[in-house]
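First up is the structure itself, then whatever we jot down about it.
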Amino acid sequence: TVIPQDNVDPTISCPADLNVSYNSNCQFTVGNYISGATPLDNCDSNPSVAQSPVAGTSIASTTNIVLTVTDASGNTATCNFDVIPSDGTAPNVTCPSDQLVNLNASCESSLLSYTSSATVSDNCDGAPSVTQSPVSGTTITANTTVTISVEDADNNTNSCDFEVIVQDIIAPTITCA
């Protein structure tokens, strides 16, 4: 009696690398990529395909996905591709309320640093860069719009504005002759 044996490994083609975006927690949930593969076998018209890591796994960096095809005789083959998450979410920034400053005897005021007065957060970067324009120390003589800009580690940016309102509190002088 001759018993035929299938000793030929199946083949499988994987999808291309995938660029994806992180969620608000700087995570990405792996999808089910099995349907994107092309498994073929010489004897088994419906070989099984498994994925590692499985769908539903949370990842925080580039992750290699391995798809394994197994035919009815237990022969296997694998292919792999990368899921490449990135942060495309701009940081959040809330400016302080408008600020009232007093002019000095020369009718000038020096801008303070307001960067620490802004409320800043980001989904992936715990300490995004915060800058101010005009910069601290700039001399102003009139109401001035200050812009607080925030940039995270992935170069996503956001900004907000508020007014620095000047007031003259020095009484005028008069000289009588």
Under 3.5 Å, which donor-acceptor pairs link side chains of residues 105-119 to any protein atom two or more places apart or in another chain?
| residue | atom | partner | partner atom | Å |
| --- | --- | --- | --- | --- |
| S110 | OG | G137 | O | 3.4 |
| S113 | OG | T115 | OG1 | 3.3 |

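Atom OG1 of T141 is separated from atom CG of N104 by 10.5 Å, given to the nearest 0.5 angstrom. Taking OG of S58 as the start and CZ of F28 as the end, the distance is 10.0 Å to the nearest 0.5 Å.
Counting heavy atoms from C-beta outward, V83 and V30 have side chains that stay 4.5 Å or more apart. A 4.5 Å side-chain heavy-atom check between I148 and S159 finds every atom pair outside the cut-off. Inter-residue side-chain proximity for P15 and L67 is flagged as met; some heavy-atom pair is nearer than 4.5 Å. Put simply, the side chain of V66 reaches to within 4.5 Å of the side chain of N64, judged on heavy atoms. Considering only heavy atoms from C-beta on, T11 stays 4.5 Å or farther from V69 through its side chain. Taking the side chain as every heavy atom from C-beta outward, D6 and D41 approach each other to under 4.5 Å. No side-chain heavy atom of D44 sits under 4.5 Å from any side-chain heavy atom of P10. Between P91 and N156, some side-chain heavy-atom pair lies under the 4.5 Å cut-off.
Not a single donor-acceptor pair under 3.5 Å links the side chain of D82 to the backbone N or O of I84. Distance alone, capped at 3.5 Å, places no donor-acceptor pair between the N158 side chain and the N92 backbone.
Shown here are the disulfide bond (SG atoms under 2.5 Å apart) partners of C26, two or more places apart in sequence or in another chain: C124. The side chain to side chain donor-acceptor pair (under 3.5 Å) test applied to T38 returns no partner, not counting sequence neighbours.
Scanning all heavy atoms of the two residues, the minimum distance from A16 to F81 falls at O-CD1, 3.8 Å.
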